[in-house]
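Numbers for residues simply follow the sequence, beginning at 1. Note that the structure is predicted; figures quoted are calculated from it, not measured.
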Amino acid sequence: MANISASSRELARTLGISRGLVQECYAQLRAEGYLVTRGGSATRVAAGAAPAR
């Protein structure tokens with residue numbers, strides 16, 4: 001599984017969007033099974049997630 005290295009704060013600043021929007025997107029991706037998170041650990045792309053085409 002790949003780590004997502006940017007924090008939500010850093011990603012929001014880079015993209016010029018709110019941190020809340022980044023967190024909402026992460027939550028949606030978790031709900032759809034694309035991301036796996038554990039408290040105090042990095043967010044990871046789920047093992048079964050298909051690569052982008």
Side-chain angles (χ1 to χ4, degrees):
M1 282 189 269
N3 286 343
I4 298 174
S5 60
S7 68
S8 60
R9 200 172 264 122
E10 181 181 348
L11 183 57
R13 185 174 32 253
T14 299
L15 297 174
I17 60 176
S18 72
R19 183 173 178 227
L21 179 57
V22 171
Q23 291 173 326
E24 285 180 42
C25 292
Y26 277 3
Q28 183 67 39
L29 290 168
R30 278 193 307 272
E32 293 179 14
Y34 293 106
L35 297 180
V36 176
T37 57
R38 264 189 271 183
S41 184
T43 299
R44 299 179 184 272
V45 175
R53 294 179 192 233

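Residues Val45 and Leu35 come closest through the heavy atom pair CA-CD2, 4.1 Å. Minimum interatomic distance between Ala46 and Gly33 (heavy atoms only, all atoms of both residues): CB-O, 3.1 Å.
Once rounded to the nearest 0.5 Å, the distance linking CD1 of Ile17 with OG of Ser8 reads 10.0 Å.
Counting heavy-atom neighbours within 6.0 Å of Arg9 CZ, excluding the residue itself, gives a total of 12 or less.
The side chain to side chain donor-acceptor pair (under 3.5 Å) search around Glu24 returns none, not counting sequence neighbours.
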